[in-house]
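The next block holds one structure in the form of structure tokens; read it before the comments.
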Amino acid sequence: MGSSTPNIEAAAGALARAIARASGVAVLTGAGVSAESGLCTFRENSVDTMDALWRGFDPMSLATPEAFAQDPERVTRWYDWRRLGCLAAEPNPGHLALAGLEALVVGRGGRFTIATQNVDGLHQRAGSRGVLELHGSILSWRCTRTGRHVTPPPTPFERFPPGSPHHPEGLLRPDVVWFGEMLPELVLVEADEAARACGVFLTIGTSGVVYPAAGLLHSARRCGAVCIEVNPDATPASGSAHVSLRAPSGVVLPELLERTTARLVDA
Ligand code: OAD
């Protein structure tokens with residue numbers, strides 16, 4: 001993309017100023033940040049792009065407590081397929097650049113937080129530490145009776161729905177937030193606090209339509225943060241961003257990190 005995106009200089013300038021002042025950087029990520037790792041985004045997860053086994057199933061109809069109650073085998077087979085896909089995927093240059101940005105911010109005394117809607121664990125595998133999982137993790141499952149967590153091995157479940165090791169009559173379900181369920185309250189409070197306190201807020205690879213996650217941008221903007229959107233397409237959040245970088249995150253984030261670092265070195 002290079003100099004064809006002039007907005008990147010504005011974004012790097014805002015980040016460098018915030019980092020030099022040791023003010024915080026908060027980030028909201030969505031499925032788009034993992035697209036270049038080969039994982040489907042939610043709203044582009046059409047039957048054409050899904051594994052043949054899942055053709056004809058609407059992801060939105062599988063990600064609900066009602067779907068699990070009605071057909072736990074079907075729902076857990078779908079989540080196990082997605083879990084194995086996440087484990088097989090690798091962090092891409094966008095994830096790695098965010099880990100690099102965190103090191104830069106924290107190294108200068110600032111606070112860095114990634115609030116992610118993704119359940120794939122790729123930010124953590126890229127080396128990010130300040131990660132808040134707003135929608136849980138597909139790598140962790142929990143007993144429907146006792147609530148206790150397990151991390152299943154990286155192999156397919158042997159039976160569906162998987163039984164709980166903690167309770168003879170319990171089933172395991174993925175530790176993700178389904179439609180109609182509450183987000184983990186403390187995680188959301190911490191994410192909102194980070195958004196209100198930051199100097200720069202980045203919203204990356206999210207369609208910005210699912211609340212309360214999408215509301216973090218508005219919290220940050222109201223509290224005076226410079227808001228930057230990274231997304232190849234315009235979204236409902238675009239009008240609230242001060243700077244839009246219309247490119248894939250795996251391309252634009254490494255360049256943003258490089259330009260921000262250069263400005264700090266030159267200062
Ligand atoms: P979506 O699938 O709604 O949106 C993905 C966004 O990523 C779109 O705006 C794409 O334009 C953008 N995108 C695609 N490729 C990209 C790339 N290479 N770089 C940057 N951006 C790219 O996914 P989310 O916004 O994450 O909730 O969806 C939010 C929530 O809705 C999900 O967490 C899930 C879903 O229903 C629950 O399961 C509760």
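Whatever order the structure lists ligands and atoms in, that order sets their numbers, starting from 1.
The 12-atom threshold is exceeded at CD of Glu181, counting heavy atoms of other residues, nucleotides or ligands nearer than 6.0 Å. By the neighbour-count criterion of 12 heavy atoms within 6.0 Å, atom CD of Glu190 is sparsely surrounded, having that number or fewer from other residues, nucleotides or ligands.
Distances below 4.0 Å separate heavy atoms of Asp233 from the following atoms of ligand 1: 11 (O). Less than 4.0 angstrom separates some heavy atom of Gly30 from each of these atoms of ligand 1: 26 (O). Close contacts of ligand 1 with Pro248, meaning ligand atoms under 4.0 Å from a residue heavy atom, involve 17 (C), 18 (N), 19 (N). Ligand-side atoms of ligand 1 in range of Glu36: 17 (C), 18 (N), 19 (N), range being under 4.0 angstrom from any heavy atom. Each of the atoms 23 (O), 24 (P), 26 (O) of ligand 1 lies under 4.0 Å from some heavy atom of Ala31. Below 4.0 Å from some heavy atom of Val177 lie the following atoms of ligand 1, by number and element: 38 (O), 39 (C).
For Thr206, heavy-atom contacts with ligand 1 shorter than 4.0 Å involve the backbone as well as the side chain. Counting heavy atoms under 4.0 Å from ligand 1, residue Phe179 touches it through the side chain alone. When non-hydrogen atoms are compared, ligand 1 lies under 4.0 Å from the side chain of His135 (C-beta onward) but not from its backbone. The side chain of Ala35, and not its backbone, has at least one atom closer than 4.0 Å to an atom of ligand 1 (non-hydrogen atoms only; side chain from C-beta on).
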Worksheet item: Can you list the steps and then say if Leu62 with Arg74 is a side-chain contact (heavy atoms from CB on, under 4.5 Å)?
Response: CA-CA 8 Å; Leu62 294 165; Arg74 189 176 68 152; 3.6 Å; yes
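Not a single heavy atom of Gly250 sits under 4.0 Å from any atom of ligand 1.
The CG atom of Leu216 sits 9.0 Å away from the OG1 atom of Thr203 when rounded to the nearest 0.5 Å.
If you run side-chain hydrogen bond (donor to acceptor under 3.5 Å, both in side chains) between Asn92 and each of Ser34, Ser249, Ser37, only Ser37 comes through.
A donor and an acceptor atom, one from each side chain of Ser238 and Arg246, are located under 3.5 Å apart.
Trp81 and Phe68 fall within a single hydrophobic cluster, where Ile, Leu, Val, Met, Phe, Trp and Tyr side chains are chained together by heavy-atom contacts under 4.5 Å. Under the 4.5 Å side-chain heavy-atom criterion for grouping Ile, Leu, Val, Met, Phe, Trp and Tyr, Leu257 is connected to Leu98 within one hydrophobic cluster.
Residue contacts with ligand 1: Thr235 is placed with no nitrogen or oxygen under 3.5 Å of a nitrogen or oxygen of the ligand (distance criterion only). Looking at ligand 1, you won't find any N or O of Trp178 less than 3.5 Å from one of its N or O atoms. At a 3.5 angstrom cut-off on N or O pairs, Gly205 counts as close to ligand 1.
By the 6.0 Å and 45° rule, Arg82 stacks over the aromatic ring of Trp78.
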